[in-house]
Undergrad: 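First the structure, which I've put down as structure tokens, then a few questions once you've had a look.
Remember, predicted model here, so these are calculated numbers, not experimental data.
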Amino acid sequence: MSGGLPRGDAVAPGPRRSGTGRGSDDAACALALASLPGMGRGTLRSLLGREPARSCWERVCSGALEPLATRGRGVDAVRRHGARWRDAARTTRPDEAFERCAELGVTVHVIGSPTYPECLLGAPSPPPIVFSAGSGTDAIAARTPRVAVLGTRSCTHYGEEVAAELGAGLAACGVTVVSGMSPGIDAAAHEGALAGAEAAPPLAVLGCGVDVVYPAASRRLRARVADRGLLLAEALPGAPPERWRFPARSRLVAVLSDVVVVVESHRSGGAMHAVDAALGRGIPVAAVPGSVRSAASRGTNGLIADGAAVARDVADVLALLALRRAGSPAGRERTAAARGEPGKVAAVRAAGGPSTGPAVGGAPSQVLAALQAGAGSLEPV
């Protein structure tokens, strides 16, 4: 997690937000802990899962962290870095880094806090701290339907067109388009999602700090996404775009999404990291078919051959999203209600889970409702 605050090609400071009270104090201490040299996400998650961030920080400052770490993960890290952490902590003021984030318009989300995205809590190893910037906070709300549209940087014109069409169509239906801001397919998907004035806010997951512009050519797109949607990163503000961060970024994209759609991809690459993470969590994966002669479609055609759903257009993706959401507690409740089965509605609610469904508007919402109510079939006639 360690990285620095802030450096690199940083954006201009955003509006300053005041931060007072216990919540901001814990967030400041969690941020300071994450900034310690050698602090990994597993160690930080283990520490924050045992004591409040303020207590952990006080233990670091006093050199008394090892007794806490011996009860779980992080023992080796504490033994290796404990003295270095203590020395660094004694010259660090947690509130300074936190206030610097506020000046940059960056929000700090610590696991266990009310602002932490609920959609990340179901991950096998949720990041202990994430950072966001932008105005579209609904993009990470629990009830928001999200679809990742991903692919290669070295895409074809066909791939760019399809990505933009999918982005525009999904956003127009109230679906948040998730991608990674990389040139090529990712950028085209977000350009499409921004095309409509009333479109759902897009979500960009970055492989660097949310205050860092990378690549430089994405500055304008980044500003538009932040204005309408949200930028999210696990890396500390100021963290540079190092190569090892991008596989983690791709996995985070998958965890945040209800469906993952790969438009064009070679046999290996960032999109495949997202595919692996999605399959590991039971998240549906779809691929856009391409020419068998195109190197940019070898990965996607291979996914289809291996059993991935085919995404020919927005309707295919919405159908897959409907099936995914119908399998959730909220979806099962809506289906039971549509079928006039109040007993099942009560059973679903008793089992837990949110009772609100995806905010999909317009004509596609009728298709989703019909599929969820069992009124139709996706099988060919």
Undergrad: Could you go step by step and tell me if His109 and Thr115 meet the side chain to side chain donor-acceptor pair (under 3.5 Å) rule?
TA: CA-CA 6 Å; His109 308 272; Thr115 68; 3.2 Å; yes
Undergrad: Any pair with a residue in residues 160-169 that passes side chain to side chain donor-acceptor pair (under 3.5 Å), sequence neighbours left out, goes on the list, sorted by first then second residue, please.
TA: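 Applying side chain to side chain donor-acceptor pair (under 3.5 Å) to every pair that reaches into residues 160-169, excluding sequence neighbours, yields His157-Glu161.
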Undergrad: Hey, what else clusters with Val310 if you join Ile, Leu, Val, Met, Phe, Trp, Tyr whenever side-chain heavy atoms sit under 4.5 Å?
TA: Ile304
Undergrad: Closer than 3.5 angstrom, by distance alone: can the side chain of Thr144 be matched with the main-chain N or O of Ile140 as a donor-acceptor pair?
TA: no
Undergrad: Would you mind reporting whether Val261 and Val259 have side-chain heavy atoms less than 4.5 Å apart?
TA: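 Sidechains of Val261 and Val259: in contact.
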Undergrad: For Ser154, enumerate each residue passing the side chain to side chain contact (heavy atoms under 4.5 Å, CB included) test, keeping only those at least two apart in sequence or located in another chain.
TA: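 By the side chain to side chain contact (heavy atoms under 4.5 Å, CB included) rule, Ser154 matches Thr152, His266.
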Undergrad: According to the side chain to side chain donor-acceptor pair (under 3.5 Å) rule, which pairs have a member within residues 291-319, sequence neighbours left out?
TA: Arg312-Asp316
Undergrad: Flag the pair Leu206 / Leu232 as yes when at least one side-chain heavy-atom distance between them is below 4.5 Å, and no otherwise.
TA: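 With C-beta onward as the side chain, the pair stays apart.
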Undergrad: Given the rule in the side chain to side chain contact (heavy atoms under 4.5 Å, CB included) test, do Ser125 and Arg45 qualify, once you have shown the distances and angles that lead to the verdict?
TA: CA-CA 9 Å; Ser125 301; Arg45 184 170 53 249; 3.6 Å; yes
Undergrad: Work out which heavy atom in Arg224 is nearest to a heavy atom in Leu194; give both atom names and the distance.
TA: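 Looks like NH2-CB, 3.4 Å.
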Undergrad: Working to the nearest 0.5 angstrom, can you tell me the gap between Leu231 CG and Asp211 CG?
TA: 10.0 Å
Undergrad: Working note: Val149 + Val178, criterion side chain to side chain contact (heavy atoms under 4.5 Å, CB included); need CA distance, chi angles, decisive distance, verdict.
TA: CA-CA 6 Å; Val149 181; Val178 187; over 6 Å; no
Undergrad: Does the side chain of Val263 reach to within under 4.5 Å of the side chain of Cys155, using non-hydrogen atoms?
TA: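 With C-beta onward as the side chain, the pair stays apart.
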Undergrad: Can you name the closest pair of heavy atoms from Pro201 and Thr176 and give their distance?
TA: O-OG1, 3.0 Å
Undergrad: With a 4.5 Å limit on heavy-atom distance, are the side chains of Leu48 and Val110 in contact?
TA: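 In contact.
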Undergrad: What heavy-atom pair brings Tyr158 and Pro289 nearest, and what distance separates the two atoms?
TA: OH-O, 2.6 Å
Undergrad: Kindly determine whether Val253 and His273 satisfy side chain to side chain contact (heavy atoms under 4.5 Å, CB included), including the steps that lead there.
TA: CA-CA 10 Å; Val253 166; His273 290 296; over 6 Å; no
Undergrad: Rounded to the nearest 0.5 Å, how far apart are CD of Glu99 and OG of Ser24?
TA: 8.0 Å
Undergrad: Kindly give the heavy-atom pair with the smallest separation between Cys101 and Leu31, and that separation in Å.
TA: SG-CD2, 3.8 Å
Undergrad: Are Ser35 and Leu236 side-chain neighbours, meaning at least one heavy-atom pair lies under 4.5 Å?
TA: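 In short, these two side chains touch, coming nearer than 4.5 Å.
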Undergrad: Does Met39 offer a backbone N or O that forms a donor-acceptor pair with the side chain of Thr43 under 3.5 Å?
TA: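 Checked: no pair found.
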Undergrad: Testing the basics here: between Ile283 and Ala254, what is the closest heavy-atom pair and its distance to 0.1 Å?
TA: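 So the minimum-distance heavy-atom pair works out to CD1-O, 3.2 Å.
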Undergrad: Which atom names give the shortest non-hydrogen contact between Ala139 and Pro202, and what distance separates them?
TA: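 In terms of heavy atoms, the two residues are closest at CB-O, 4.2 Å.
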Undergrad: Applying salt bridge (Lys or Arg N to Asp or Glu O under 4.0 Å) as the test, list every pair that has at least one member in residues 249-274; sequence neighbours left out.
TA: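 Found Asp258-Arg325.
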Undergrad: Find out whether Val262 and Val288 are in side-chain contact, i.e. whether some heavy atom of one side chain is under 4.5 Å from a heavy atom of the other.
TA: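 With C-beta onward as the side chain, the pair stays apart.
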Undergrad: Run the salt bridge (charged side-chain N to carboxylate O under 4.0 Å, His left out) test on Arg54 and Asp25 for me, step by step, so that the C-alpha distance in whole Å, both residues' side-chain angles and the decisive distance to 0.1 Å come before the verdict.
TA: CA-CA 7 Å; Arg54 164 56 66 182; Asp25 182 60; 2.7 Å; yes
Undergrad: Can we say Arg245 and Glu234 salt-bridge, meaning some charged N sits less than 4.0 Å from an Asp/Glu carboxylate O?
TA: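 Glu234 and Arg245: not salt-bridged.
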Undergrad: Quick one: does Pro126's side chain get under 4.5 Å of Ile111's, heavy atoms only?
TA: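 In contact.
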Undergrad: Among all residues two or more places apart in sequence or in another chain, which pass the salt bridge (Lys or Arg N to Asp or Glu O under 4.0 Å) test with Glu58?
TA: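 Here no residue qualifies.
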Undergrad: Atom CG of Leu321 and atom CZ of Arg146: how far apart are they, to the nearest 0.5 Å?
TA: 10.5 Å
Undergrad: Run Ile185 and Leu150 through side chain to side chain contact (heavy atoms under 4.5 Å, CB included) and show every step you take.
TA: CA-CA 6 Å; Ile185 297 299; Leu150 306 169; 5.6 Å; no
Undergrad: Could you state the interatomic distance from CH2 (Trp85) to CG (Leu36), rounded to the nearest 0.5 Å?
TA: 7.0 Å
Undergrad: I need the Arg86 CZ to Ser62 OG distance, nearest 0.5 Å.
TA: 9.5 Å
Undergrad: If you round to the nearest 0.5 Å, how far is SG of Cys173 from CG of Leu318?
TA: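 These two atoms lie 5.0 Å from each other.
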Undergrad: Quick check against the 3.5 Å criterion: does Ser179 have a side-chain atom that pairs as donor or acceptor with the backbone of Ala189?
TA: no
Undergrad: Quick one, Val106 and Ser132 - any side-chain contact, counting heavy atoms below 4.5 Å?
TA: no
